Amino acid sequence: MAEIRFDGKVAVVTGAGAGLGREYALLLGSRGAKVVVNDLGGHFDGEGQSTKAADVVVEEIKALGGIAVPNYNSVTDGDKIIETAINNFGRVDIVINNAGILRDKSFANISEKDWDLIQDVHVKGSFKTTQAAWPYFKKQKYGRIILTASNSGIYGNFGQANYSSAKLGLVGLANTLAIEGGKYKIHCNVIVPTAASRLTEGILPDIMFQQLKPKLIAPVVAYLCHESCQDNGSIIESAAGWATKIHFVRGKGAVLRKSLDENDIKPEVVRDKWQRITDMSKAKRFNAIQEASGNLLEIIEGLQDGTQGDSEFEDTFKFGSKDLILYSLGIGASVTHKPDMRYLYENHEDFGPFPTYFVLPGLLLSMGSTLVASALKHTQVDFTNILHGEQYLEILSDLPKNGELTTKGEVFDIMDKKSGAAVVTNCNSYDQSGNLIVKNQSTTFVVGAGNFGGKKDPKSGVVPILKNPNRKPDKSVIYKTSLDQAALYRLSGDLNPLHIDPNMAVMAGFKVPILHGLCSLGFSVRAVLNTYAGNDASQFKAVKVRFSNPVLPGQSLRVDMWCNKNEKRIYFRTVVIENNKEVISGAYVDLKNIVAAKL
Ligand code: NAI
C-alpha cells in the first residue's frame with residue numbers, strides 16, 4: 001500500500017495551535033509537508049491573542065523532524081497567512097480552514113457583536129485565507145481546500161444560532177468553490193468533526209469527551225488533502241475513528257397544478273398534497289444545480305404535454321427474479337409440472353414472469369395510497385369494507401424480467417350500487433424510458449358506501465365482463481389450492497390481513513381468512529395458458545374477471561374454458577369444487593396466438 005505523503009507540498013493550517021488544527025498540522029508535518037502553523041492564540045470566545053499556541057506546535061513538528069513556521073494573524077487577515085507560506089516556502093498547495101471560536105447565547109440574547117465576530121472568524125476568515133491562496137492554486141493548477149462545518153449547522157443546536165448559520169454557510173461556500181475550482185484541479189471539501197477540545201468541553205457528555213480524540217479525525221482530513229483523493233465538494237463527517245459522507249437530498253415532491261395555468265395552484269391544494277410534498281421515502285441526490293433544474297424542466301414539459309396531470313397517485317414498483325418466482329409459487333406453479341420451471345428457476349432459458357404478476361403494481365398503488373378513498377369523500381374506506389369486484393390486466397410490451405416500473409393511478413369511474421359504491425381505478429405502469437408496459441383496471445366495491453345519489457352504470461372505457469358461451473366447456477382443468485396458499489401469496493405484496501388474520505376475517509364478515517381474488521385469477525390464467533398457449537407467457541395479451549364468491553385456502557378450483565379461435569379469446573369461469581360456487585365469472589383471456597389447442 002503506497003504511503004500517503006506530502007513531500008514538496010506546503011500546507012497552511014489555520015487555528016493549528018490547539019485541538020483539531022494541531023493534529024492536522026502534526027500529521028501533515030510528519031508526512032513531509034512544510035506547514036504554516038497559524039493561530040491567533042486567543043480565548044475560545046475570540047478575546048485576546050498570543051504567539052505561544054502557534055510556537056509550541058511549530059516546535060513539536062520540528063522535534064519530530066518536520067518543517068514548520070508560525071503565523072499569528074487572525075484568519076480575518078488570511079492574506080497575511082498565505083504571505084507567510086509564500087515568503088518561507090515559495091508556494092502553497094493546501095489550505096485547511098480550521099480556526100474557530102464560539103459565542104454561545106440563546107437567539108434572543110445574541111448581540112450584534114457576537115453575531116459579527118462568529119461570522120468573521122468562520123466565514124470571512126475562510127474566505128480571506130482561501131481567496132489569498134486561490135491565484136497560486138490556479139496558476140499551478142492544483143490546490144486542496146478544507147472548510148470546517150459542524151453538526152450544529154446541519155441539525156441546529158440550542159444556543160448556537162450565530163455559529164450554526166456560519167458553519168452551514170461554509171457548506172455553501174464549498175459547493176461553489178468545488179465548481180469554480182474543478183477545472184484547475186482545485187478541490188474543496190468540507191469536514192464535519194466532533195472532537196474533544198476546549199470548544200466542546202462542557203458541551204459533550206463526559207464519556208464522549210474522553211473518547212473523541214481530535215487525533216482520530218486528522219487522518220481523514222489528511223487524506224482529503226492528498227492529491228490521490230479525487231473528491232471535490234464532498235461533506236465528510238468524522239468522529240471517534242469513524243467517517244462518512246453527508247448529502248443533501250430532495251424528495252420526489254408533488255406537482256401542484258394540472259396544467260400550465262398558474263391559477264391552478266391554491267393554498268388548499270398545497271395543504272391537501274402536503275403529505276406527498278414532504279414525503280422523503282423516494283428522496284434522491286442531485287449532483288449539480290443543472291440536474292436539479294433539469295428535473296423542474298421535465299415537470300414543466302410534463303404539464304405542457306399533459307403527462308403530469310394524472311400523477312396525483314404515483315408509485316415505483318421494483319422487482320427481480322426472486323419476486324417473480326415467489327409470485328409464481330403463490331399462484332400454484334410447481335416444479336412437479338415441468339413446463340412451470342420457466343417461472344420458477346432464474347437460470348431456465350425461458351425464465352420470466354408469469355403475466356398476471358403485473359396486476360401487482362396497480363394493486364400496490366391502490367393499497368398503499370388513498371386512491372380509492374379519494375373518490376369517496378362521504379365515507380371511510382378501509383380493509384374491513386372493501387371487496388375486489390373486477391380486474392382487467394393488459395400487457396402492452398415484452399414482459400420485463402426485472403427493473404422498475406412507475407405506476408400512475410387515477411379514479412376512472414364511480415357507480416352507486418345502493419348497497420355500496422363501485423370505484424373503478426386505472427393504473428398504468430411505465431418503464432424507465434416512459435413506455436407504457438401494463439394497464440390495470442380494478443373495480444373496488446366499498447360495502448355500505450352506496451346511496452349517495454350517483455349513477456348506476458359504468459361509463460365507456462370501463463372494460464366489461466363477457467358472458468360465457470352457451471355450451472358445455474371445451475376444456476376444464478382442476479387445481480387444488482393449499483391451506484397455506486393465501487399465506488404464501490400475500491408475500492408478493494398484498495398484505496391485507498383479511499387473508500391471514502382470523503379476527504380480521506370475522507370483522508370483514510367471513511368465517512375464516514379467504515384467498516386473494518387475484519390469487520384465484522393467477523390459478524385460472526395458469527389453466528388457460530397451459531391449455532391454450534403452451535404455458536408460454538409471451539402469448540398473453542389481457543385478462544378480465546369478475547370475482548363473484550370467496551375461495552378458502554385448501555379448496556379446489558375448476559377452470560372451465562371455451563375457445564374462440566377467431567377472436568383468439570378464451571372465455572372462462574372458475575368454480576370451487578367443494579361447494580360448486582362460481583368464484584370467477586364472465587371472464588376471458590386474450591392471447592396473441594392459440595397454441596396446442598386440441599378441440
Ligand atoms: P480549539 O478551540 O481547540 O481550536 C481552535 C483554534 O483556533 C484555537 O487554537 C484558536 O486560538 C484558533 N483561533 C480562533 N480564532 C482564530 C482566529 N481568528 N485566527 C486564527 N486562529 C484562531 O477548537 P477545535 O475544537 O479544535 O475546533 C477546530 C474547528 O473545528 C473549529 O472551526 C470548530 O468550529 C470546528 N468544530 C469543532 C467541533 C468539535 O467537536 N471540536 C465540532 C464541529 C466543528
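Only heavy atoms go into these numbers, but all of them, side chains included; no hydrogens, no water, no symmetry mates. Everything numeric here is computed off the predicted structure, so don't read it as measured data.
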Exercise. So, for A149 and V171, which heavy atoms are closest and what is the spacing to 0.1 Å?
Worked result: CB-CG2, 3.9 Å
Problem set entry | Closest non-hydrogen atom pair, P361 against L405 | CG-CD1, 4.4 Å
How far does [atom1] of [X] sit from [atom2] of [Y], to the nearest 0.5 angstrom?
X    : Y    : atom1 : atom2 : answer
Q432 : I437 : CD    : CD1   : 10.0 Å
L557 : Q485 : CG    : CD    : 9.0 Å
N451 : K417 : CG    : NZ    : 13.0 Å

[X] atom [atom1], over 12 foreign heavy atoms within 6.0 Å:
X    : atom1 : value
K322 : NZ    : no
D398 : CG    : no
K592 : NZ    : yes
R546 : CZ    : no
I289 : CD1   : no
I207 : CD1   : no
K418 : NZ    : yes
Q275 : CD    : no

Would you call [X]-[Y] a salt bridge at under 4.0 Å N-O?
X    : Y    : value
K455 : D413 : yes
K544 : E390 : yes
E314 : K252 : yes

Problem set entry | Matching residue for S524 among V583, V559, V477, L529 - test: side-chain contact (heavy atoms from CB on, under 4.5 Å) | V559
Do we see a donor-acceptor contact under 3.5 Å between the side chains of [X] and [Y]?
X    : Y    : answer
S152 : S164 : no
T356 : Y327 : yes
D536 : S538 : yes
T406 : T316 : no
S585 : E582 : yes
Y571 : E567 : yes
D315 : T407 : no
E237 : N151 : yes

Looking at [Y], is its backbone amide N or carbonyl O close enough to the side chain of [X] to form a donor-acceptor pair, meaning the two atoms are under 3.5 Å apart?
X    : Y    : value
D279 : S281 : yes
Q555 : V551 : no
N549 : K581 : no
K266 : N263 : yes

Is it true that the NZ or CZ of [X] lies under 6.0 Å from the centre of [Y]'s six-membered ring and within 45 degrees of the ring axis?
X    : Y    : answer
K408 : F313 : no
R526 : F354 : no
R342 : F351 : no

Close side-chain approach of [X] to [Y], heavy-atom, < 4.5 Å:
X    : Y    : answer
Y532 : K475 : yes
S442 : Q391 : yes
N530 : H337 : yes
L344 : L329 : yes
F412 : V423 : no

Exercise. Does the gap between the ring centers of F248 and F286 come in under 6.0 Å?
Worked result: no
Exercise. So, for Y588 and Y392, is the gap between ring centers shorter than 6.0 Å?
Worked result: no
For this session: Start with the C-alpha distance between F319 and F358, add both sets of side-chain angles, then the distance that settles ring-ring contact (aromatic ring centres under 6.0 Å, His included), and finish with yes or no.
Result: CA-CA 10 Å; F319 62 99; F358 292 102; 5.6 Å; yes
